[in-house]
Number of protein chains: 2
Amino acid sequence: MSEEKEITIYDIARHLNISPTTVSRGLKDHPTINIKTRKKIAEAAKQLGYRSNTFASSLRSKRTQTLGVIVPRLNSSFMSSVLAGMENAASREGYNLIIAQSLEQADKEMENVMTMFNKRVDGLLVSLAHSSDVRHFDVFFSKKIPVIFFDRVAPHPDSTSIIIDNFTAAYQVTRHLIMQGHKRIMHLGGNMLLNVYSERLRGYKQALQDHKLHFDEKLVITGNLTEECGTDVAKQLLKLKPKDRPEAVCCANDTSAVYCMIALKNAGVNIPEDIAFAGFNNDPISRVIEPNLTTVNYPGYNMGQAAVTSLANHLNGDTNITDTNTIVLRSELIIRASSGKRK
Amino acid sequence: MSEEKEITIYDIARHLNISPTTVSRGLKDHPTINIKTRKKIAEAAKQLGYRSNTFASSLRSKRTQTLGVIVPRLNSSFMSSVLAGMENAASREGYNLIIAQSLEQADKEMENVMTMFNKRVDGLLVSLAHSSDVRHFDVFFSKKIPVIFFDRVAPHPDSTSIIIDNFTAAYQVTRHLIMQGHKRIMHLGGNMLLNVYSERLRGYKQALQDHKLHFDEKLVITGNLTEECGTDVAKQLLKLKPKDRPEAVCCANDTSAVYCMIALKNAGVNIPEDIAFAGFNNDPISRVIEPNLTTVNYPGYNMGQAAVTSLANHLNGDTNITDTNTIVLRSELIIRASSGKRK
DNA sequence: GGAAAAAATACAATCGGTTGTATTTTTTAT
DNA sequence: ATAAAAAATACAACCGATTGTATTTTTTCC
């Protein structure tokens with residue numbers, strides 16, 4: 001092979017006997033450069049095997065064409081859809097993604113924020129570890145680097161949030177269960193400091209209230225919504241006498257719902273005849289469990305795309321994101337067998 | 001807020017009345033700089049709110065502390081585990097990840113390769129779209145930038161592959177099915193140009209041969225292993241008279257196995273009594289389907305960690321990866337109900 | 001105490017594009 | 001044909017850290 005030394009715009013300039021400035025501008029189709037010259041430059045660049053040096057470029061232009069992504073966990077079905085959507089939009093818009101996970105830990109998140117800051121990302125996309133405190137993003141805000149929160153968001157005057165209407169979604173789920181004839185409905189929720197879970201609880205409550213059903217605090221359980229969490233809840237339910245058990249369980253995600261169902265089924269409980277179930281997310285497992293799980297379709301891929309697209313538009317100056325407070329994506333209730341009528 | 005202008009090493013130098021060189025070396029604990037001076041520099045840096053400019057640094061040092069990752073698809077359970085493992089190791093080793101997906105398309109992969117190349121990643125981690133041709137990685141090889149293939153790999157003298165022993169794993173699955181009394185065993189495989197699927201087919205064949213079972217070409221189906229693919233195979237099986245159906249199906253992933261099972265169950269076929277099943281990957285859905293799916297545990301998280309760790313060690317000069325041809329991770333057969341004995 | 005060795009610091013070039021402004025070339029209008 | 005306007009190109013400073021070498025300061029040792 002040849003290709004030992006890197007080709008720079010200076011090499012191209014010398015080769016064509018023009019100035020590096022013209023080459024630089026020519027390569028990015030600057031209008032003041034004659035079309036013919038641009039063509040010559042492009043050809044020479046290809047012929048010599050030129051590749052642009054993004055550092056030199058970023059050093060001067062102060063833009064990196066890179067977006068930072070910080071998420072609680074990478075390995076969930078939902079998050080992988082989000083990332084796929086993000087990657088798709090980013091690649092279309094000419095951006096790269098740097099991805100890091102906070103593992104739900106605030107200090108890890110803070111560290112990630114600083115790394116992204118030092119890497120000079122052009123913008124940041126975040127699903128929060130804890131939404132209570134977002135002061136560690138101030139380094140971004142004070143430098144006017146745009147930050148978009150998605151899914152797990154926190155209100156902040158300088159950032160945009162991309163969410164679904166968790167309140168309404170949970171309201172619809174609960175109302176559906178009520179319509180099916182269930183009265184004592186349990187809510188299995190997550191960390192109530194996170195908007196997604198507190199909103200879902202609120203929707204649940206509101207639905208009960210609107211249908212004149214008593215809200216019983218004992219019927220609200222919060223957990224980490226993992227597989228174990230679902231199994232534990234099942235154990236608790238099994239401890240109760242059948243008649244004391246809730247008639248339906250409205251879970252804040254599919255994982256906990258599914259593993260709770262599995263444990264109950266193994267103990268001989270019939271779903272939905274003895275206890276009905278509903279979940280959240282439309283995870284693949286919701287269509288494998290028997291009976292199939294009623295759930296809320298959570299458009300992860302679209303959310304990822306929307307987040308990146310908004311950010312890119314803002315960075316390109318097409319729209320100003322600071323005017324946009326919140327983008328709410330459409331979600332929908334998917335009714336399946338698990339929420340069937342009571343026997 | 002204050003923080004309008006960026007602080008550089010020149011500002012620190014001026015502030016302490018020393019040279020920028022000393023600041024630069026001091027900041028990275030260069031041994032020729034007096035300990036006391038280093039301390040002073042660190043303090044001044046903190047006080048002034050200095051953040052290093054990675055471009056300026058990379059421009060000169062020609063290292064980016066960034067690794068490129070190219071995968072066929074981001075949104076699969078397996079890949080999200082891999083990424084989680086990669087992110088974990090990368091963050092530990094002080095590297096960032098730039099992630100892109102090829103969507104199984106060779107041209108998209110080529111494009112990604114060039115982007116990564118231009119972004120000057122220090123190394124590349126790739127699971128291939130098609131393993132037939134890897135010439136588009138030559139830009140990396142000729143510049144001696146390390147490339148690691150994982151999962152979907154292609155042999156190349158200048159790169160390391162990280163895989164599991166697909167041959168043996170498939171052999172064990174097939175042998176297990178044989179031991180359970182199944183004789184006519186179907187193999188549902190993927191694109192045979194990819195090492196993972198061709199090796200699995202090979203393992204299947206070898207197991208048949210070692211147990212004196214006839215290999216029937218008609219019992220090998222290849223598809224894209226998606227949900228639809230599984231459903232389609234079920235339809236084909238249902239067209240056959242029950243006695244003509246295979247006694248077991250050995251699938252190259254869990255998704256196709258599970259959706260095939262679902263379709264058969266809906267048609268009244270009993271699993272495993274009428275047809276037994278085995279999959280590959282240990283996807284979450286394999287533990288939700290009833291009966292639970294016998295499968296091969298595919299250590300995605302470990303694979304991701306191993307890939308990044310090897311690459312980082314190589315880049316740090318701790319080990320030389322070019323000596324390592326292949327790293328084989330342990331996988332294991334997980335026996336569940338779907339592969340039960342024949343009635 | 002002074003020369004030699006070692007340690008610490010400084011100089012200055014460099015990495016490769018970008019960009020405001022100046023200069024040259026070409027086109028337009030009179 | 002020539003002045004004015006427009007288009008195209010070139011100059012030169014700059015972005016901020018790194019690094020080989022030179023210089024200064026400190027330490028060591030006879």
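All chains are named by letter (A, B, ...) in the order of the sequence lines, taking the proteins before the strands, and each is independently numbered beginning at 1.
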Exercise for review: Please step through side chain to side chain contact (heavy atoms under 4.5 Å, CB included) for the pair I33(A) and T22(A), ending with a clear verdict.
Suggested key: CA-CA 7 Å; I33(A) 304 298; T22(A) 306; 3.8 Å; yes

Exercise for review: Starting from P on dA17(D), measure out to NE2 on H30(B) and report it in whole angstrom.
Suggested key: 17 Å

Exercise for review: Specify the separation, in whole Å, of atom CD1 of I33(B) and atom P of dA6(C).
Suggested key: 19 Å

Review point. Taking the side chain of Y50(A) as heavy atoms from C-beta outward, which of dA8(C), dA8(D), dG17(C) is closest to it?
Key: dG17(C)

Review point. Are S19(B) and dA10(C) close enough that a side-chain N or O sits under 4.0 Å from OP1 or OP2?
Key: yes

Practice item. Name the residue closer to the 5' end of DNA chain C, choosing between N53(A) and P31(B) according to the nucleotide with the nearest heavy atom. Key: P31(B)

Review point. Does K62(B) put a side-chain nitrogen or oxygen below 4.0 Å from OP1 or OP2 of dT18(D)?
Key: no

Check your understanding: With no angle test and no hydrogens, is the base of dG20(C) tied to the side chain of R60(A) by a donor-acceptor pair under 3.5 Å?
Key -> no

Exercise for review: Can you tell me the distance, in whole Å, between the CD1 atom of I7(B) and the P atom of dC15(D)?
Suggested key: 14 Å

**Study point:** dG20(D) base / R25(B) side chain donor-acceptor hit below 3.5 Å
**Key:** yes

Review point. Under 4.0 angstrom, heavy atoms only, what part of the nucleic acid is T32(B) near: base, sugar-phosphate, or nothing?
Key: base

**Study point:** Check against side chain to side chain contact (heavy atoms under 4.5 Å, CB included), L128(A) and F149(A)
**Key:** CA-CA 7 Å; L128(A) 290 163; F149(A) 294 116; 3.8 Å; yes

Review point. R51(A) has an atom CZ; how far is it from atom C1' of dC15(C), in whole Å?
Key: 14 Å

Review point. Taking for each residue the nucleotide of DNA chain C with the nearest heavy atom, is it I35(B) or L59(B) whose nucleotide lies nearer the 5' end?
Key: I35(B)

Review point. For E109(A) and H136(A), what are the C-alpha separation, side-chain angles and deciding distance, and is it a side chain to side chain contact (heavy atoms under 4.5 Å, CB included)?
Key: CA-CA 9 Å; E109(A) 182 173 282; H136(A) 46 302; 2.8 Å; yes

Practice item. Provide, to the nearest angstrom, the distance between the CG atom belonging to N118(B) and the P atom belonging to dG17(C). Key: 11 Å

**Study point:** Residue met sooner reading DNA chain D from 5', once S58(B) and A56(A) are mapped to nucleotides
**Key:** A56(A)

Practice item. Look at T37(B) and dT9(C) and indicate whether a side-chain polar atom (N or O) is within less than 4.0 Å of OP1 or OP2. Key: yes

Exercise for review: Answer yes or no: does a side-chain N or O of Y10(B) lie under 4.0 Å from OP1 or OP2 of dC14(D)?
Suggested key: no

Practice item. Among the candidates dT18(D), dT9(D), dT9(C), find the nucleotide nearest to the side-chain atoms of S61(B). Key: dT18(D)

Check your understanding: In whole angstroms, how far is the C1' atom of dA8(D) from the CG atom of D29(A)?
Key -> 15 Å

**Study point:** Under 4.0 angstrom between S57(A) side-chain N/O and dT18(C) OP1 or OP2
**Key:** yes

Review point. Q65(A) has an atom CD; how far is it from atom P of dT18(C), in whole Å?
Key: 11 Å

Practice item. Could you say whether F55(B) or T21(B) is positioned toward the 5' end of DNA chain D, judged by the nucleotide with the nearest heavy atom to each? Key: F55(B)

Point to revise | Check against ring pair (Phe, Tyr, Trp, His ring centres under 6.0 Å), H156(B) and F137(B) | key: CA-CA 10 Å; H156(B) 192 286; F137(B) 292 96; 8.6 Å; no

**Study point:** Min side-chain heavy-atom separation I70(B)-L124(B) under 4.5 Å
**Key:** yes

Review point. So, is S24(B) close to the dA17(D) phosphate, meaning a side-chain N or O under 4.0 Å from OP1 or OP2?
Key: no

Exercise for review: Round to a whole Å and report the spacing from CD1 of I41(A) to C1' of dT18(C).
Suggested key: 14 Å

Point to revise | Short side-chain N/O contact from K28(B) to OP1 or OP2 of dA17(D), under 4.0 Å | key: no

Exercise for review: Consider only side-chain N and O atoms of N53(A) and E6(A), and report whether a donor and an acceptor are under 3.5 Å apart.
Suggested key: no

